[in-house]
There are 2 protein chains.
Amino acid sequence: MQKSREDRQAAAPDYHVDRQVGFFLRQANQRHVAIFANAIGDKLTTTQWSALSKLKEIQPCSQNQLGRETAMDVATIKGVVDRLVKRGFVATAPDRNDGRRVVLSLTEEGLAVIAANVGAALVATEGTLAPLTSGERMMFLELLQKIC
Amino acid sequence: MQKSREDRQAAAPDYHVDRQVGFFLRQANQRHVAIFANAIGDKLTTTQWSALSKLKEIQPCSQNQLGRETAMDVATIKGVVDRLVKRGFVATAPDRNDGRRVVLSLTEEGLAVIAANVGAALVATEGTLAPLTSGERMMFLELLQKIC
DNA sequence: TGATACTCATTCGCATACAAATGAAAAATG
DNA sequence: CATTTTTCATTTGTATGCGAATGAGTATCA
């Protein structure tokens, strides 16, 4: 059946950005970033924290690999690593087997700053999920993972 | 009861960034932005689309008000509006009653670009939620709204 | 009315985020 | 072994995103 002119014209007025997933995803992320920044003591951003935490798990590794593991673009991870190196949390060294690679590893300060902020990171997670009950949290995390 | 040395040292290794909400929220948002960019034809970003859509609902309005309605910082909405003005989608005019305000409104081109892309925006929403069943979508949106 | 507080828009600095291009090095292919 | 393809790191350009500061205009209220 062909749609009438009214039907097609009525489509636009019914659209509301503030009911779309994207609108909520952006805001939820914003809220989490704010909560994290507030909880963390050492001026670390969420991405910097991700890079540090992941690096601890998989070090030593190349810059691009760390980017892939933390879902960051090559240009993005470059900037993040640069700032972490500048602050003395991450050390770089040339790879003897591969002339292209830069091998990343945590410094003592890096390990220390992670240890000092794990608690705060967990508090941030808790704060972000605070509006949800225990059951809702499990359900939410499950569904959220599915759309990643 | 005092925690043993082992307990305290075991705390850090148990932490995994890639199991935290923040990690998923960032990725889910990334995926949606990518899907949106792919679906939309007129090189509009998700934030630009939000601004345009919301402006259509509440125009005429001040720049800061549009920012509040779309959950954007004053500095952020400034840049977004500037680009939309530059492309001829939004018009600015001084407020006669309030010397500080800049009154925003949609141009003909702005209205046209909205009309031309509402369908694509819905496709993007659909694509983002594609991994979920109909029931899961409702549940997810409900929970997501709670943590905004 | 006059001091104070608030709001609006702008600007600066910093930190993601991605597309796209580049050059160097390694891997895969014939 | 030489060509092609990949991979790695870097750089440029554009677009959010927020904190903080500023100046201009408005509102409040003593």
Side-chain angles (χ1 to χ4, degrees), chain A residues 22-23 25-38 40 42-52 60-87 90 92-104, chain B residues 22-23 25-38 40 42-52 60-87 90 92-104:
Chain A
F23 197 79
L25 282 175
R26 191 175 117 262
Q27 278 189 82
N29 192 46
Q30 274 177 16
R31 177 167 165 271
H32 170 70
V33 169
I35 290 174
F36 185 90
N38 205 266
I40 228 75
D42 289 296
K43 295 265 185 190
L44 290 168
T45 65
T46 53
T47 42
Q48 288 170 0
W49 177 253
S50 292
L52 283 176
C61 74
S62 75
Q63 186 176 281
N64 278 11
Q65 189 192 342
L66 184 59
R68 282 192 297 272
E69 298 274 356
T70 53
M72 292 184 213
D73 192 65
V74 285
T76 303
I77 192 67
K78 168 83 164 72
V80 174
V81 167
D82 279 355
R83 284 168 217 116
L84 292 175
V85 168
K86 199 175 183 182
R87 292 177 64 181
V90 171
T92 61
D95 188 327
R96 298 191 182 283
N97 302 50
D98 192 330
R100 300 165 300 180
R101 280 189 173 143
V102 172
V103 179
L104 303 180
Chain B
F23 197 79
L25 283 174
R26 192 174 117 261
Q27 279 189 80
N29 192 47
Q30 275 178 13
R31 175 166 165 272
H32 170 70
V33 169
I35 290 173
F36 186 90
N38 204 267
I40 228 79
D42 289 297
K43 294 264 184 191
L44 290 168
T45 65
T46 53
T47 41
Q48 288 170 1
W49 177 253
S50 292
L52 283 176
C61 75
S62 74
Q63 184 175 282
N64 278 11
Q65 190 191 343
L66 183 58
R68 282 191 296 271
E69 299 273 355
T70 53
M72 292 183 214
D73 193 65
V74 285
T76 302
I77 192 67
K78 169 81 163 74
V80 174
V81 167
D82 279 355
R83 285 170 216 115
L84 292 174
V85 168
K86 200 175 182 183
R87 292 177 64 181
V90 171
T92 61
D95 188 325
R96 297 189 182 285
N97 301 49
D98 192 331
R100 301 165 300 179
R101 282 189 173 146
V102 172
V103 179
L104 303 181

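Chain naming here is simple, since letters A, B, ... match the order of the sequence lines and numbering starts at 1 in each.
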### Query
Between B:Gln63 and C:dT10, does any side-chain N or O lie under 4.0 Å from OP1 or OP2?
yes
### Task
Rounded off to whole Å, could you give me the CG-to-P distance for the B:Asp82 and C:dC8 pair?
18 Å
### Query
Which atom names give the shortest non-hydrogen contact between B:Leu44 and B:Arg87, and what distance separates them?
CD2-NH1, 3.9 Å
#### Entry: Taking every non-hydrogen atom, the tightest pair across B:Leu66 and B:Cys61
CB-SG, 4.0 Å
### Message
Strictly distance-based, threshold 3.5 Å: is any side-chain N or O of A:Gln30 a donor or acceptor partner for the main-chain N or O of B:Ala71?
### Response
yes
### Query
Roughly how many Å is it from CG in B:Leu44 to P in D:dT14, rounded to a whole number?
17 Å
### Query
Starting at CD1 of A:Ile77 and ending at C1' of D:dT11, how long is that distance when rounded to a whole Å?
17 Å
### Query
How does each nucleotide of nucleotides 16-26 of chain C score, in 5' to 3' order, for protein heavy atoms under 4.0 Å: base (B), sugar-phosphate only (S), or none (-)?
BBBB----BBS
## Note on the structure
When rounded to whole Å, the CG to C1' distance for the pair B:Leu104 and C:dA9 reads 11 Å
### Message
Rounding to an integer number of Å, can you tell me how far B:Asn64 CG sits from D:dT26 C1'?
### Response
14 Å
### Task
Report the C-alpha separation of A:Lys78 and A:Asp82 in whole Å, then their side-chain angles, then the decisive distance to 0.1 Å, and conclude whether the salt bridge (charged side-chain N to carboxylate O under 4.0 Å, His left out) test is met.
CA-CA 6 Å; A:Lys78 168 83 164 72; A:Asp82 279 355; 2.7 Å; yes
### Task
Report the distance from atom CG of A:Leu66 to atom P of D:dT10, rounded to the nearest whole Å.
13 Å
### Message
Determine whether A:Arg26 and B:Thr47 satisfy the following criterion, side-chain contact (heavy atoms from CB on, under 4.5 Å), listing intermediate values before the conclusion.
### Response
CA-CA 9 Å; A:Arg26 191 175 117 262; B:Thr47 41; 3.6 Å; yes
### Value in whole Å for how far the C1' atom of D:dC8 lies from CD of A:Glu69
16 Å
### Query
Shortest non-hydrogen contact from A:His32 to B:Gly22?
NE2-CA, 3.2 Å
### Query
Rounded to whole angstroms, how far apart are NZ on A:Lys78 and C1' on C:dA15?
14 Å
